[in-house]
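These values consider heavy atoms only, across backbone and side chains, with no hydrogens, waters or symmetry-generated copies. Residues take their numbers from the sequence shown, with the count starting at 1.
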Amino acid sequence: MQEIFQEVSAYLRDNLILSLGIAFVAGFAAAKTVAYERRSSILFFLVVGVIGLFLSQFMLLFFGLKDYLEKVSEFRILFDFIAGYVGSFIVAAVIHFIKPT
């Protein structure tokens, strides 16, 4: 598991600006999907997105989907966004259920 953690960290660090952009958009979309009326800050969207993107990338590598993602490297950004959205949705849902607004 530690190797996967390091591999995900290295991947996100290598593409830092792109990862932060994907994380922000995914966090924004997920937070607005879970609680539309809640007004949140840019920092909240970014934190939810980064945690969601990290968790989703971790799960992709944990289940051995890296080989499949390398075969379709042209769509890697799309898959990163979809995975980031799903991970961010789960994080935002947990936050919403812990502290509903």
Side-chain angles (χ1 to χ4, degrees):
M1 277 230 216
Q2 189 160 1
E3 299 106 21
I4 296 172
F5 180 81
Q6 291 172 347
E7 192 172 344
V8 170
S9 297
Y11 173 73
L12 294 178
R13 261 186 279 127
D14 291 344
N15 305 314
L16 184 63
I17 301 298
L18 181 63
S19 296
L20 288 176
I22 290 172
F24 176 75
V25 173
F28 175 78
K32 290 300 180 180
T33 302
V34 171
Y36 180 73
E37 69 279 349
R38 181 176 177 184
R39 293 190 178 174
S40 299
S41 67
I42 292 173
L43 183 63
F44 177 76
F45 298 141
L46 191 59
V47 168
V48 168
V50 167
I51 293 171
L53 183 62
F54 185 83
L55 289 176
S56 63
Q57 292 296 322
F58 185 84
M59 295 308 291
L60 286 175
L61 293 180
F62 183 76
F63 288 119
L65 297 174
K66 181 181 178 183
D67 297 332
Y68 297 111
L69 291 174
E70 288 177 355
K71 290 180 184 176
V72 289
S73 61
E74 301 87 20
F75 299 108
R76 182 65 193 246
I77 294 174
L78 177 66
F79 291 133
D80 285 348
F81 174 72
I82 292 170
Y85 174 75
V86 171
S88 298
F89 181 84
I90 292 169
V91 171
V94 168
I95 291 171
H96 180 71
F97 286 127
I98 290 173
K99 184 182 176 192
T101 56

Rounded to the nearest 0.5 Å, what separates atom CD1 in Ile77 from atom CD1 in Ile82? 12.0 Å
Pair Phe44, Ile95 - check side-chain contact (heavy atoms from CB on, under 4.5 Å), show working. CA-CA 11 Å; Phe44 177 76; Ile95 291 171; 4.1 Å; yes
Under a 4.5 Å cut-off applied to non-hydrogen side-chain atoms, are Thr33 and Tyr85 in contact? yes
Provide the full list of salt bridge (charged side-chain N to carboxylate O under 4.0 Å, His left out) pairs with a residue in residues 86-97, sequence neighbours left out, each pair given once. none
Sequence neighbours excluded, every pair satisfying salt bridge (charged side-chain N to carboxylate O under 4.0 Å, His left out) that has a member inside residues 2-21: Glu7-Lys66
Cluster overlap Val50 with Ile42, hydrophobic side-chain contacts below 4.5 Å: yes
Going by the rule ring-ring contact (aromatic ring centres under 6.0 Å, His included), which residues pair with Phe62 if we only count those two or more places apart in sequence or in a different chain? none
Is the distance between the ring centroids of Phe81 and Phe75 less than 6.0 Å? no
All heavy atoms of Gly84 vs all of Ala26, minimum pair found to be C-CB, 3.7 Å
Does anything in residues 72-81 form a salt bridge (charged side-chain N to carboxylate O under 4.0 Å, His left out)? List the pairs, not counting sequence neighbours. Arg76-Asp80
Tell me whether Ser56 contacts the main-chain N or O of Ala83 through its side chain, where contact means a donor paired with an acceptor under 3.5 Å. yes
Can you pull out every side-chain hydrogen bond (donor to acceptor under 3.5 Å, both in side chains) where at least one residue sits in residues 19-28? Sequence neighbours excluded, please. none
Worked check of side-chain contact (heavy atoms from CB on, under 4.5 Å) between Phe63 and Met59: CA-CA 6 Å; Phe63 288 119; Met59 295 308 291; 3.1 Å; yes
In short, Phe45 meets Phe24 closest at the heavy-atom pair CB-CE1, 3.8 Å
Answer with yes or no whether the hydrophobic clustering places Tyr11 together with Ile17; edges join I, L, V, M, F, W, Y residues whose side-chain heavy atoms lie under 4.5 Å apart. no
Just do the side-chain contact (heavy atoms from CB on, under 4.5 Å) check on Leu61 and Gln57 with the steps written out, would you? CA-CA 6 Å; Leu61 293 180; Gln57 292 296 322; 5.6 Å; no
With Leu55 via side chain to side chain contact (heavy atoms under 4.5 Å, CB included) - residues at least two apart: Ile51, Val91
Minimum-distance pair of heavy atoms, taken over all atoms of Gly49 and Ser88: CA-OG, 3.3 Å
